[in-house]
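Below is one structure, written out as structure tokens; comments come after it.
Quick caveat: nothing in here was measured; it's all calculated off a predicted structure.
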Amino acid sequence: MQVLKFGGTSVANSENIAKVVAILKERSKKHQLITVVSALGGATDTLLQLGLLANAKDDRYKEVLKDIKDRHLRTANELGLDFEAVEYLNEMLSELERIAQGIYLINEFSVKTQDRVLSFGERMSSFMISEVLKKEVPQSQWADSRELIVTDANFSRAQVHSEVTHQNIRTYFKAQTRKVTVLPGFIARSEKGDTTTLGRGGSDFTAALVAAALDAEVLDIWTDVSGMYTANPNVVQQAFPIREISYQEAMELSHF
């Protein structure tokens with residue numbers, strides 16, 4: 001079993017998604033895969049903007065909502081998703097619209113509601129990728145991480161209940177023979193069943209949880225940069241990739 005995780009820039013558009021699908025198709029010839037994906041690049045920030053504008057009773061939230069709809073439906077069409085898949089995507093977008101309208105009407109954008117809104121990014125991207133993948137790897141499927149990962153109710157930075165989560169993951173995949181399973185990163189559920197999120201960078205955490213629970217032979221974090229740098233290369237021109245680094249050094253660097 002191998003676990004592969006693709007971040008937002010890696011699935012930012014239909015062209016990049018096609019590259020991800022090609023990687024999964026090739027790797028699935030020799031291995032059973034679980035792939036964890038982030039929302040389309042920038043989608044999480046846009047969803048947060050949607051909620052904040054609606055909460056402020058700013059009618060511009062409708063323009064942001066339209067941009068979200070247009071982007072995801074355009075991506076779905078470019079990927080050649082069939083009618084049923086596009087209809088399901090439309091259902092998710094309609095649900096998002098109803099939530100945004102509710103936020104606007106009652107001025108309620110708590111961290112609980114925020115988690116529910118932000119979850120749509122990963123839910124929609126993972127669904128679209130799984131639908132495209134089915135054409136290339138018929139023995140593939142989509143699964144909802146919220147059915148596997150259980151957390152406390154500390155919305156926006158939920159803490160994982162490791163024992164029950166590991167058991168859920170092991171039980172689910174023990175019965176699976178599919179070549180590839182696509183999971184949305186970042187999202188989980190509380191013990192009461194409410195949608196929670198694992199904090200920014202949570203998709204990496206999702207992949208690590210799955211890999212650890214299954215004792216996977218490989219956990220690959222795919223990204224659009226060539227490695228870990230001495231500093232942010234977008235800020236520091238002299239930054240360069242580090243050839244070797246310990247886990248302790250990497251953790252220290254991440255804090256800065």
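- In this structure, Leu93 and Leu73 have side chains that are in contact, with non-hydrogen atoms separated by less than 4.5 Å.
- Here the straight-line distance linking atom CG of Leu198 with atom CD1 of Ile149 works out to 6.0 Å at 0.5 Å rounding.
- Between Asp194 and the choices Arg189, Arg146, Lys112, the salt bridge (Lys or Arg N to Asp or Glu O under 4.0 Å) rule is met once, by Lys112.
- Proximity of a side-chain donor or acceptor of Thr230 to a complementary backbone N or O of Phe240 within less than 3.5 Å is detected.
- Distance check, rounded to the nearest 0.5 Å: CD1 of Ile68 to CG of Leu47 gives 4.5 Å.
- Considering CG of Asp144 and OH of Tyr172, their distance stands at 9.5 Å, rounded to 0.5 Å.
- Put simply, Phe120 and Leu79 are part of the same group of oily side chains (I, L, V, M, F, W, Y) that touch within less than 4.5 Å, one to the next.
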Would you check, one step at a time, whether the test side-chain hydrogen bond (donor to acceptor under 3.5 Å, both in side chains) holds for Tyr104 with Asp58? CA-CA 8 Å; Tyr104 181 85; Asp58 188 328; over 6 Å; no

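- Side-chain contact of Ser110 with Gln114: a donor-acceptor pair under 3.5 Å is absent, judged by distance alone.
- Residue Glu78 qualifies as enclosed at atom CD: its count of foreign heavy atoms under 6.0 Å is above 12.
- Side-chain N or O atoms of Asp220 include none that pairs as donor or acceptor with a backbone N or O of Trp222 at under 3.5 Å.
- Residues Lys5 and Ser203 are in side-chain contact: their nearest non-hydrogen atoms beyond the backbone lie under 4.5 Å apart.
- At least one side-chain heavy atom of Phe173 sits less than 4.5 Å from a side-chain heavy atom of Ile34.
- Other residues, nucleotides and ligands contribute only 12 or fewer heavy atoms inside 6.0 Å of the NZ atom of Lys66.
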From CA spacing to verdict: side chain to side chain contact (heavy atoms under 4.5 Å, CB included), Thr196, Asn154: CA-CA 8 Å; Thr196 59; Asn154 183 24; over 6 Å; no

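- For the atom pair Ser10 OG and Ile17 CD1, the distance stands at 10.5 Å (nearest 0.5 Å).
- A donor-acceptor pair is defined here as one N or O able to donate and one able to accept, closer than 3.5 Å; no such pair exists between the side chain of Gln101 and the backbone of Ile103.
- Salt-bridge check for Arg116 with Glu95: passed, with a basic side-chain N closer than 4.0 Å to an acidic carboxylate O.
- Proximity of a side-chain donor or acceptor of Asp115 to a complementary backbone N or O of Ser156 within less than 3.5 Å is detected.
- Hydrophobic cluster membership differs between Val21 and Ile221, with clusters built from Ile, Leu, Val, Met, Phe, Trp and Tyr side chains linked at under 4.5 angstrom.
- The main-chain N or O of Val11 is never found under 3.5 Å from a side-chain atom of Asn16 such that the two would form a donor-acceptor pair.
- In this structure, a donor-acceptor pair under 3.5 Å is absent between the side chains of Ser130 and Gln141.
- Under the rule for a salt bridge (Lys or Arg N to Asp or Glu O under 4.0 Å), Arg71 has no partner lying at least two apart in sequence or in another chain.
- A continuous path of ILVMFWY side-chain contacts below 4.5 Å connects Ile106 to Leu52, so both sit in one hydrophobic cluster.
- Side-chain N or O atoms of His31 include none that pairs as donor or acceptor with a backbone N or O of Arg27 at under 3.5 Å.
- Of all non-hydrogen atoms in Ser38 and Ser125, the two that sit nearest each other are O-OG, 2.7 Å.
- A salt bridge is absent between Arg60 and Glu63; no separation between the charged side-chain nitrogens and carboxylate oxygens falls under 4.0 Å.
- The backbone N or O of Val150 sits less than 3.5 Å from a side-chain atom of Thr165, completing a donor-acceptor pair.
- Using cut-offs of 30° and 60° on the angle between ring planes, the pair Trp142 and Phe127 is perpendicular.
- The hydrophobic clustering, which links ILVMFWY residues whose side-chain heavy atoms are closer than 4.5 Å, places Val182 and Ile169 apart.
- A heavy-atom distance below 4.5 Å is not found between the side chains of Glu84 and Tyr88.
- In terms of modelled atom types and a separation under 3.5 Å, the side chain of Gln139 and the main chain of Arg178 share no donor-acceptor contact.
- Counting non-hydrogen atoms of neighbouring residues, nucleotides and ligands closer than 6.0 angstrom, the CE atom of Met1 exceeds 12 such neighbours.
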Could you go step by step and tell me if Lys179 and Glu136 meet the salt bridge (charged side-chain N to carboxylate O under 4.0 Å, His left out) rule? CA-CA 11 Å; Lys179 293 292 292 181; Glu136 301 295 331; over 6 Å; no

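- Residue Gln248 places its CD atom among 12 or fewer non-hydrogen atoms of other residues, nucleotides or ligands, all under 6.0 Å distant.
- Using modelled atom types, one side-chain atom of Asp152 and one backbone atom of Gln159 make a donor-acceptor pair closer than 3.5 Å.
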Side chain to side chain contact (heavy atoms under 4.5 Å, CB included) between Leu40 and Met128: does it pass, once the steps are laid out? CA-CA 10 Å; Leu40 304 187; Met128 288 192 291; 4.2 Å; yes

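- Rounded to the nearest 0.5 angstrom, Glu26 CD and Leu24 CG are separated by 11.0 Å.
- Between Asn232 and Val236, the closest side-chain pair of non-hydrogen atoms is not below 4.5 Å.
- Between Gln2 and Leu4 the shortest side-chain heavy-atom distance falls below 4.5 Å.
- Using a 4.5 Å heavy-atom cutoff, the side chains of Leu65 and Leu96 are in contact.
- Interatomic distance, CD1 of Ile242 versus OH of Tyr229, reported as 10.5 Å (0.5 Å rounding).
- The main-chain N or O of Lys25 is found under 3.5 Å from a side-chain atom of Ser28 such that the two form a donor-acceptor pair.
- Side-chain heavy atoms closer than 4.5 Å link hydrophobic residues (I, L, V, M, F, W, Y) into clusters, and following such links, even through other members, never connects Leu183 to Val137.
- Looking at Glu249 and Ser246, their side chains come closer than 4.5 Å, going by heavy atoms from C-beta outward.
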